[in-house]
Chemist: 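First the structure, which I've put down as structure tokens, then a few questions once you've had a look.
So that the names make sense, note that chain A is the first sequence line, chain B the second, and so on, each numbered from 1. These numbers were taken from a predicted model, which means no experiment stands behind them.
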Amino acid sequence: MKIMKHDNVMNVAKKRGFLWSSFEIYSGVAGFVDYAPLGAILKNNIMNKWRKYYVVGEEFYEIESPTVMPEEALKASGHVDHFTDPLTECKDCMDVYRADHVIEEALDKDVEGLENDKLTEIISENKIRCPRCGGHLNKVWSYHLMFQTLIGAKGKKIGYMRPETAQGIFIPFKRLLRFFRNKLPFGVVQLGKAYRNEISPRQGVIRLREFTQAEAEIFVNPEDKTHPHFSQIAAEKLTLLPASCQMESKDPLEISAQEALDKKIVSSEMLIYQLYLAQKFLRELGIPDEALRFRQHLPTEMAHYAIDCWDVEVQTGRYGWVEIIGIADRADYDLKSHSEYSKEDLRVFIEYDEPKTVNKKIAKPNMSKFGPTFKGAAPQLMEALKETDASTIQDSFQEKGYYPIELDSVYEILPEHVEFAEVEEVVRGEKIFPHVIEPSYGIDRIVYSVLLHSFHEEKDKTYFKLANDIAPVQVSVFPLINKEKLASVAIGIKENLRKNGFIADYDSSGTIGRRYARSDEIGVPYAITVDHESLEDQQVTIRNRDNSEQVRIPISKVENIISKLISSKISFEDL
RNA sequence: GCGGCUGUAGUAUAGUCUGGUUAGUACUUGGGCCUUCCAAGCCUACAGCCCGGGUUCAAAUCCCGGCAGCCGCACCA
């Protein structure tokens, strides 16, 4: 039954202007969609609700970085080298295979991550042939999942369309850290397009080549992954499917946040809190709890740098359980890597609660000998001595009788040049790479899930039961019949609502029943109808989409009541 | 990327096998009539053979290629 639902949902979505496939008059291109007029509002409403959660609620800040990125940045993140699939083609039957998979199958050997040349070598050395026809396999080449482009008029600088928004947050980390006044934890979000040149995207809006992400990067002290509001959510229930359950094919656990933490199912408070937040968000978007679960990545599928990773999955009928949000503890992988490549120090100074005093042996230059011997090089050599552990210098004296320091040339430090001393040093803290907790939302998949799960079919009407705060059109205004006197009153009400910032639609065509049906179909939560009595008593009816109930309210209060209903300050039953 | 199936107004379809009048129907949509609350009725209008090439006097129809969709395989750090 649910499987048919997809087709009905997509039909209505297409017919009424939510989602269209792109470039349709040129036959279209797989992996791209247009957000049609209502879809664009719906998507924006969902993104703005997301902002309310993460920017307003969690006190994170949003940034916006370019979608085109220079090669160096993606080299550092590992995407240039690893965001590829090594492919090989059979010279006879032209079939294409993942080179590493062919080898693994033939030799039962893990070759993931090896260079293409190495893979080619293994194939020829072991005489691995096409699994289907036994033909010779071609040289291994990389299919790159990133869209490449050239930056600048001369086109010399290689650029790529970003494969995720996250990198745009890691790169200006130093400035962000200063913006947050050097204190952990802090969170930065980015909403925007990301690009992946999928080999063969075929699941509509589920797998796109250009898609929208909403990501938060939460930088935390690795020693402190607590969350200040954890106690408030400790009792909340979550549906968790940990790796262990998957391997033993067990059912998911219904478990409280506190329990999940106590049993070490989820690795930190901060991570669980993010799971909870995702659940609350999706719930408010109208996705029922029973269609929602958290699936932990199996050790084999987890990216090599992640400590713990959970996918939020939605039940879809047609595509089964689909990942719509990934919540990962990326540890310090990204910052460390950008630090290495850029030579910038992307660490944070963490001050100890109490300064520590440590006894340290140092090699102090004996200046009366040191200066005359090394002359101009002396200052640099002193600097080098300061950074070297005294015991390695002593060891070198024991072994060779001197300690070499390499600058422009090699200088030999002799025992007479230094004195060793025990000093007491006060250490106030240390520099560390923060860990990153990352909730990453696939907005397009969420839009699809929302449409799918809000779709209702009743007798002779179908409609999207969209939550008030995301419905693209908030209120419809109708004259009961299309007569000048009623119409002008209705148009007046519509104009007034528009002036107050509401998306209000006026419709006078066909019968009133048809107009209600049209309005329901696109999920408009409320309809205002002007009838003949309205002309006398200045009252109109307001109708609730979900149960067709109607209440009479004064025209003068329409704007106020719609406003309160849409913001959920009152419910329809309160009228 | 491979194999199978498919492609006719906004939607659902007839016609394709067996080439031949103006490509038919229903719903939807626009305009109008009627109408005092849930897709009623009547009149009227708009709108279609996925794209390119070939065969033929003549192609929605046959052939080839492309594109897109569905299913299976593969892919989805």
Chemist: Using atom P in both nucleotides, what's the gap between B:rU16 and B:rG7 to the nearest angstrom?
Modeler: 13 Å
Chemist: Using the closest heavy atom to pick a nucleotide of RNA chain B for each, name whichever of A:P163 or A:K14 lands nearer the 5' end.
Modeler: A:K14
Chemist: Find the distance A:R207:CZ to B:rG69:C1' and express it as a whole number of Å.
Modeler: 16 Å
Chemist: What is the distance, to the nearest angstrom, from the OH atom on A:Y319 to the C1' atom on B:rG72?
Modeler: 16 Å
Chemist: What is the distance from CE of A:M10 to P of B:rA68, rounded to the nearest Å?
Modeler: 17 Å
Chemist: Roughly how many Å apart are B:rU8 and B:rG15, using the C1' atom of each and rounding to a whole number?
Modeler: 9 Å
Chemist: For B:rU25 and B:rG65, measure between their P atoms and round to the nearest Å.
Modeler: 36 Å
Chemist: Taking the P atom in each of B:rC5 and B:rU44, what is the distance between them to the nearest angstrom?
Modeler: 45 Å
Chemist: Treat primed atoms plus P, OP1 and OP2 as sugar-phosphate and everything else as base, then score nucleotides 26-44 of chain B 5' to 3': B for base contact with protein heavy atoms under 4.0 Å, S for sugar-phosphate contact only, - for none.
Modeler: --SSSS---BBBBBB----
Chemist: When the P atoms of B:rA9 and B:rC50 are considered, how many whole Å apart are they?
Modeler: 7 Å
Chemist: Closer than 4.0 angstrom, basic N to acidic O: yes or no for A:R552 and A:D537?
Modeler: yes
Chemist: Nearest whole Å is fine: how far is B:rC49 P from A:I25 CD1?
Modeler: 13 Å
Chemist: Provide, to the nearest angstrom, the distance between the CG atom belonging to A:N197 and the P atom belonging to B:rG1.
Modeler: 11 Å
Chemist: Using side-chain heavy atoms (C-beta onward) and a distance below 4.5 Å, is A:V189 in contact with A:W50?
Modeler: yes
Chemist: Can you run through RNA chain B from 5' to 3' and write each base as (, ), [, ], | or . depending on how it pairs? Watson-Crick or G-U wobble, both distances under 3.5 Å.
Modeler: (((((((..((((......[...)))).(((((.......)))))....(((((..]....))))))))))))....
Chemist: Do A:R545 and A:D520 sit within salt-bridge range, that is, some charged N less than 4.0 Å from a carboxylate O?
Modeler: no
Chemist: Under a 4.0 Å threshold between the charged nitrogen and the carboxylate oxygen, would A:K494 count as salt-bridged to A:D505?
Modeler: no
Chemist: For B:rC17 and B:rA12, measure between their P atoms and round to the nearest Å.
Modeler: 24 Å
Chemist: Kindly state whether the ring of A:H435 and the ring of A:F219 have centres lying under 6.0 angstrom apart.
Modeler: no
Chemist: How many whole angstroms separate atom CZ of A:F18 from atom P of B:rU11?
Modeler: 17 Å
Chemist: Is it true that A:D308 and A:R330 make a salt bridge, defined as a side-chain N closer than 4.0 Å to a carboxylate O?
Modeler: no
Chemist: Check the side chains of A:N468 and A:Y526 for a donor-acceptor pair under 3.5 angstrom, ignoring hydrogens and angles.
Modeler: yes
Chemist: Roughly how many Å apart are B:rC42 and B:rU6, using the P atom of each and rounding to a whole number?
Modeler: 38 Å
Chemist: Does this structure show an ion pair linking A:R543 with A:E549, if we count only N-O contacts that are shorter than 4.0 Å?
Modeler: no
Chemist: Quick one: the side chain of A:R202 and the base of B:rG72, do they pair up donor-acceptor inside 3.5 Å?
Modeler: yes
Chemist: Answer yes when A:E210 and A:R196 have at least one side-chain N-carboxylate O distance shorter than 4.0 Å, and no when they do not.
Modeler: no
Chemist: Rounded to whole angstrom units, what separation is found between the CZ atom of A:R209 and the C1' atom of B:rC75?
Modeler: 12 Å
Chemist: Check for me whether the distance between the ring centres of A:F18 and A:F464 falls short of 6.0 Å.
Modeler: yes
Chemist: Taking B:rA47 as the reference, what is the distance to B:rU28 when you measure between their C1' atoms (whole Å, please)?
Modeler: 11 Å
Chemist: Without decimals, in angstroms, what is the distance between A:M146 CE and B:rA77 C1'?
Modeler: 11 Å
